[in-house]
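Before any comments, here is the structure.
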Amino acid sequence: MHIVDGALSAPVLIGGAVVATGGLALGLRSLTLEKIPAAGVLSATFFVAALVHVPIGPSSVHLIMNGLAGLVLGWAAFPALFVGLLLQAVFFGFGGVTVLGVNTVAIALPAVMVGLALRPAVSGPDARLAALAGLAAGSLAIVLTALTVALVLWLSGDAFLAAAKLVVIAHLPVAVIEGLVCAAAVTLIHRAKPELFAALAGPATLRPA
Amino acid sequence: MSLLLEGTGLHFTYPHRPPVLAGADLTLGPGDRLAITGPNGAGKSTLLQILVGLLRPQAGRVVAFGIERHAEADFHEVRRRVGYVFQDPDDQLFCPTVAEDVAFGPLNLGQSRAQALETVARVLDVVGLAGFEGRVTHKLSGGEKRLVSLACVMAMDPDVLLLDEPTNALDEETTARMEAVLLSLPQAMIVVSHDPHFRRKVVTRTLRLQGGRLAAPDPTCRHARGTG
Amino acid sequence: MSLLLEGTGLHFTYPHRPPVLAGADLTLGPGDRLAITGPNGAGKSTLLQILVGLLRPQAGRVVAFGIERHAEADFHEVRRRVGYVFQDPDDQLFCPTVAEDVAFGPLNLGQSRAQALETVARVLDVVGLAGFEGRVTHKLSGGEKRLVSLACVMAMDPDVLLLDEPTNALDEETTARMEAVLLSLPQAMIVVSHDPHFRRKVVTRTLRLQGGRLAAPDPTCRHARGTG
Amino acid sequence: MSHILGRSAPTSPGDSARTDGLIQALDPRTRILAAAGFALVAVALTSLWLMLIALVMAGLAMGAARLPAGPTLRRMAMMDGFIVVLLVMLPFTVPGPAAFTVLGWPASWAGLEQAAAIALKANAVALALLSLVGSMDPTTLGHALARLRVPERLVHLLLFTVRYIAVIEAEYHRLRRAMRARGFRPRTNGHTLRSLGYLIGMLLVRALERSERILQAMKCRGFTGRLPLLDTLRFSARDGVFAAGLIPVLAGLLILDFAHVPAA
Ligand SMILES: Nc1ncnc2c1ncn2[C@@H]1O[C@H](COP(=O)(O)OP(=O)(O)OP(=O)(O)O)[C@@H](O)[C@H]1O
Ligand SMILES: Nc1ncnc2c1ncn2[C@@H]1O[C@H](COP(=O)(O)OP(=O)(O)OP(=O)(O)O)[C@@H](O)[C@H]1O
Ligand SMILES: [Mg+2]
Ligand SMILES: [Mg+2]
C-alpha cells in the first residue's frame, strides 16, 4: 500500500504534504513529552505488527493495522504512523520521499477518523460492542486507505483510473482480514487492559499503575 | 521399549556469539524424568528448543520417537507429541482468557470448539485450576500463569513434557502443587530446574549442562546436588 | 551516624490482588550492603519502588535521610540521592545512545553539557565501559546494558544504591565485573539478588522477603545462606 | 538478536573506518538534504535519458556508501514487485499510437514511456535514499532531523520508536515461537486471524506497561519534562565539496530537462 515516487502529479504531492503537515501538527500537539514514551513504545509495536504476514491461499499479505492504531493512539496515530512510514522508506526502500506526505495521509487520516468515531464504543463496558467496533475500525480504515490511494492516483491522471479501481478491489479481502484481526486485538485489550484505549486520549498524564 | 528423544553431538551457536552447545548428548526413555541443571546462560533453554525444532543445531542429530528429524516439516509431529512449557509464561500466554489459551493447542490439532472446551475443563482440573476458564490470563498471578502454561501443554495430550524452570517464580505452596501435579503425570519429562529440593522430589536422573556439554553433575558443588 | 533509609510497617496491595507487603520493616545505615532475597513475586521490586516513592504504601512509613516522606514532592530529593537500577535494563535505558542515557540524570540535576559529558566519561570508566559513549543503546548485549544502567545511576552521584537483580542473566565474566564494580563503590546499597555466590561476595547482611515481611533468612535452608 | 533497522552498522567507533564508504564520511544532515534534493529533481525530470542518468547517480551513491549490492538490489526488486501491476496497466490505459497489441488490446507508446518513467524515477529515488540516508544508524537519523529543526516531539517519538522496535520484535518472536511449539501454522482461517489479533493486542498491552515502567525510570533520574539530545554532528570541508559537486549536477539535470521539453 505504498505509492512510489514518480507516479503522482505535483499538485497531488503538494496537497498530500500540506495535509500531512497539518495532521502531524495536530497529532504532536496532544503529545506532551510525558506521553512520548507510551506513544513511542506503541508506535514500535505497530511497526512490528506491520511485519506480520497473513496467508491468503498460496500468497500472503502483511498487516497494516492502522484502524487499531487509530483506536489506541487517537490523533497521535498521525505522527506514529508517519514515523513508521519514514523508517520503512529510508531503511527498507518501501515508498519514497516526495510521496511521504501522500502515503502518510492515506494511512493515518483513516486511522484518526475511525479512532475518533469508534473509540467510545471500544472503551465502553460492552465486550461484544467493542469487538464489533474493532471489526468496523479495522476494515473501514483499510477501505478508506484504499479509497484515498485510488483518489490520488485518479487525480494524477485518467490513465490511472483502472489502477485506482484495482487498488480498491484488491483491498477488499485485506479489509476483511484487518477487520477480524483488529476485532480480536480489541477483544484482548478490552479484557486485559482497557485503559490502553485512554492512555493517550485526554490531557491527563500517565499514572504508573 | 525404544527411546523417546535422543540428541547426539549437538552443536549450537547464536550469530556473533560464542558457542552455546558444543557436543551435547542426551537420551530420554519412557518413564524417565530427567533434570537438567547448569548456570544461567549455559544453554538449557536453547537445548529444549532444539529438541522440538524451534532452533536447528549446526551439527548433531535429533531423533524423536525413533525417527531422525531435520526439516521444519519433520518437527510438526514432534511438536504435537512433545509438550514444551516455556521458561517465562508471558512468552507463552497471549489470549484474553484462560479457556482460549488452553484451547489454542487443541484447536491447532484440529479439535472442534466443543471438544476443545471439554479438554480445557479436564486439564484445568488436573492442574488444580478448575473454574478458571473465564479468568483474564494477563491478570493472573505469576504462579497461576505457570500452572496455566502447563495446562496449555497438557491439553495437547503429549507423550513427553519439556519443562523450562517450572517452579521459577512460584511461592512454596504453588511449588508444592506443581510438584504434586508433575508427580501424578505418567509422561516422560525433561525438567530444567535450579532447585535441588524440587529435583530431589520429582526427577529420576540429573544432567548438568556446562561448557556446552551435558554430564552427570559434579557432587562436590553444593548447588548441583539433588539428584534423588 | 543516622540511618539513610528506613521503612516501617509497610503494607502494599495492588488492586484486585492479595497483599504483597504486610508489615515489612527495614533499615539501611551508612556503609550497609543489604541483600534482599525471596521467591519471585514476593514483592522485592515493589519494596524498592516504595522506598523511592514510585508506589505509595497503604500503611507504614518511609523515612529517608532522617525525614519522613509522604507526598510526591517529598520524594524528588530522595530520587536525587537514591540511585535505583531497574530490574529490566530495557526499561531504564530509553535514550538513543549510551552518552545520552548516562547524561540524562546529570543534565536533569542542572549540570551543563560539558560537565555532563565529563561525568559520562568518568562513570563509564568506573563500570569498565570507557569509550562506549557513542554506542547505540538498543544494540548493546544484555550484560553491557546492565552495566550502563548502573553507570546511569552512578552519574547522579547518589548516596544510596538500590539494585534490582543486577547479576540476573549475566555470564560469569560480566557477573565478576559487576561484583568488582559494586565492591569498589563506597555507597550504601540494597541489592535484590537470588544468587548466593554473589551475595556472599558483595553484601554485609541479608534479609528474606516472604509472606509480606522481611526477616533474617532461615539458616536451616541451604539456599538462604550467603550472608558473608 | 536481530536488528531489523539498518544493516550491521559499525557497533564500535573503531569499526567504522573499515566498513564505511565515502557517503558515511559526510555529515548526516548533508546526506538527508542531498537525498531530498535529489528526489525532488528526479521526480521533476521528464526526459527518460536524464532519468537514466539519475538512476546511474543513485547507483554510484550505493557504491560510495559501500552498501552490499545483493541485498540492496533485492530490496529494490521487492519495491518493483509492488508497482509492477500499475506499470503493466499503463500502456493499455494511456491513449496514443499503438506500439503493439496483446490479445487484441493495443499498448500505446505514450503509456510505455510513462511506465518506464515511473520505474526509473521510483528506483532512482529509492536507491539514493537507501544509499544516502538508509546507510546511517536510525539513531543518527533522529539526531540529524533534530538539528534540521524537525519538531522536538516528532524526533523524540522517532527515537523512542527506534529504541523499542528491537525489544518488541524480540517479544513478538518469542510468542510466535511458543505458538509454533503448540502446533500453530498460519492458514487462511478465522482461528489464525483471531490468534494473530490476540498476539498483537497482547504486544500492545505489554508495550503500554513497559512505557509505564520507562516513565518511572525517567522520574527516578529527575525527569522534569525535558529530553535532552547530545550529538556530535559537525559539518566539515567534505560536506562543502560534496554540496559544491552535487548542486551544479542537479541544476544541470533540470536545465537539460527544461531544454529538452519541447522535443518530448
Ligand atoms: N535469540 C538469541 N540470540 C542471541 N543469543 C541468545 C539468544 N537466546 C539466548 N542467547 C544467549 O545464548 C546463551 C544461552 O541461552 P539460554 O537461554 O539457552 O540459556 P539458559 O541455560 O536457558 O539460561 P537461563 O538459566 O538464564 O534460562 C546465553 O548467553 C544467551 O544470552
Ligand atoms: N503493576 C502491577 N499490578 C498488579 N500486580 C502487580 C504489579 N506489579 C507487580 N504485581 C504483582 O505483585 C507481586 C509482587 O511483584 P514484585 O515485582 O514486587 O515481585 P518480586 O519479588 O520483585 O519478583 P521477581 O523476583 O519476579 O522480580 C507479584 O505477584 C506481581 O505479579
Ligand atoms: Mg533458560
Ligand atoms: Mg522483581
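Residue numbering restarts at 1 for every chain, and letters A, B, ... go by the order of the sequence lines. These numbers come from a predicted model, not from an experiment.
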Measuring only between side-chain heavy atoms, which start at C-beta, is [X] closer than 4.5 Å to [Y]?
X: A:Asp5; Y: D:Ile118; result: no
X: A:Leu161; Y: D:Thr93; result: no
X: A:Leu180; Y: D:Arg194; result: no
X: A:Phe46; Y: D:Thr161; result: no
X: D:Tyr172; Y: A:Val52; result: yes
X: A:Leu87; Y: D:Leu158; result: yes
X: D:Leu90; Y: A:Phe160; result: yes
X: D:Leu193; Y: A:Val54; result: yes

Do you know which of D:Ala39, D:Ala44, D:Gly190 has the most heavy-atom pairs under 4.5 Å to chain A? D:Ala39

Decide yes or no on side chain to side chain contact (heavy atoms under 4.5 Å, CB included) for A:Leu8 and D:Val43, but give the supporting numbers first. CA-CA 9 Å; A:Leu8 302 182; D:Val43 166; over 6 Å; no

Nearest 0.5 Å please: distance from the [atom1] atom of [X] over to the [atom2] atom of [Y].
X: D:Leu157; Y: A:Lys35; atom1: CG; atom2: NZ; value: 13.0 Å
X: D:Met202; Y: A:Lys193; atom1: CE; atom2: NZ; value: 11.5 Å
X: D:Arg206; Y: A:Leu196; atom1: CZ; atom2: CG; value: 13.0 Å
X: A:Leu166; Y: D:Met89; atom1: CG; atom2: CE; value: 5.0 Å
X: A:Phe94; Y: D:Arg75; atom1: CZ; atom2: CZ; value: 7.5 Å
X: A:Ile36; Y: D:Ile214; atom1: CD1; atom2: CD1; value: 12.0 Å

Could you look at [X] and say if it's the side chain, the backbone, both or neither that has a heavy atom under 4.5 Å from chain D?
X: A:Leu86; answer: side chain
X: A:Ala183; answer: neither
X: A:His190; answer: neither
X: A:Arg29; answer: backbone

Given heavy-atom pairs under 4.5 angstrom as the criterion, report whether the side chain, backbone, both or neither of [X] touches chain A.
X: D:Val167; result: neither
X: D:Gln114; result: side chain
X: D:Ile32; result: neither
X: D:Ile83; result: side chain

Between [X] and [Y], which heavy-atom pair has the shortest distance, and what is it?
X: A:His53; Y: D:Leu196; answer: O-CD1, 4.3 Å
X: D:Ala207; Y: A:Leu42; answer: CB-CD2, 3.9 Å
X: D:Ile165; Y: A:Val48; answer: O-CG2, 3.8 Å
X: D:Tyr164; Y: A:Ala44; answer: C-CB, 3.8 Å
X: D:Leu208; Y: A:Ala199; answer: CD1-CB, 3.6 Å
X: A:Gly93; Y: D:Ala126; answer: O-CB, 4.2 Å

Is there a side chain to side chain contact (heavy atoms under 4.5 Å, CB included) between A:Phe91 and D:Leu141 once you walk through the steps? CA-CA 11 Å; A:Phe91 296 102; D:Leu141 173 65; 4.0 Å; yes

Give the C-alpha distance, both sets of side-chain angles, the deciding distance and a yes or no for side chain to side chain contact (heavy atoms under 4.5 Å, CB included) between D:Phe223 and A:Glu34. CA-CA 9 Å; D:Phe223 177 61; A:Glu34 189 143 301; 3.9 Å; yes

Would you sort out whether D:Val125 and A:Thr98 count as a side chain to side chain contact (heavy atoms under 4.5 Å, CB included), showing the intermediate values? CA-CA 9 Å; D:Val125 175; A:Thr98 60; over 6 Å; no

Donor-acceptor pair, D:Thr188 side chain versus A:Pro55 backbone, under 3.5 Å? yes

Out of A:Val99, A:Val4, A:Thr45, which one racks up the most heavy-atom pairs below 4.5 Å with chain D?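 Of the options given, most contacts go to A:Thr45.
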
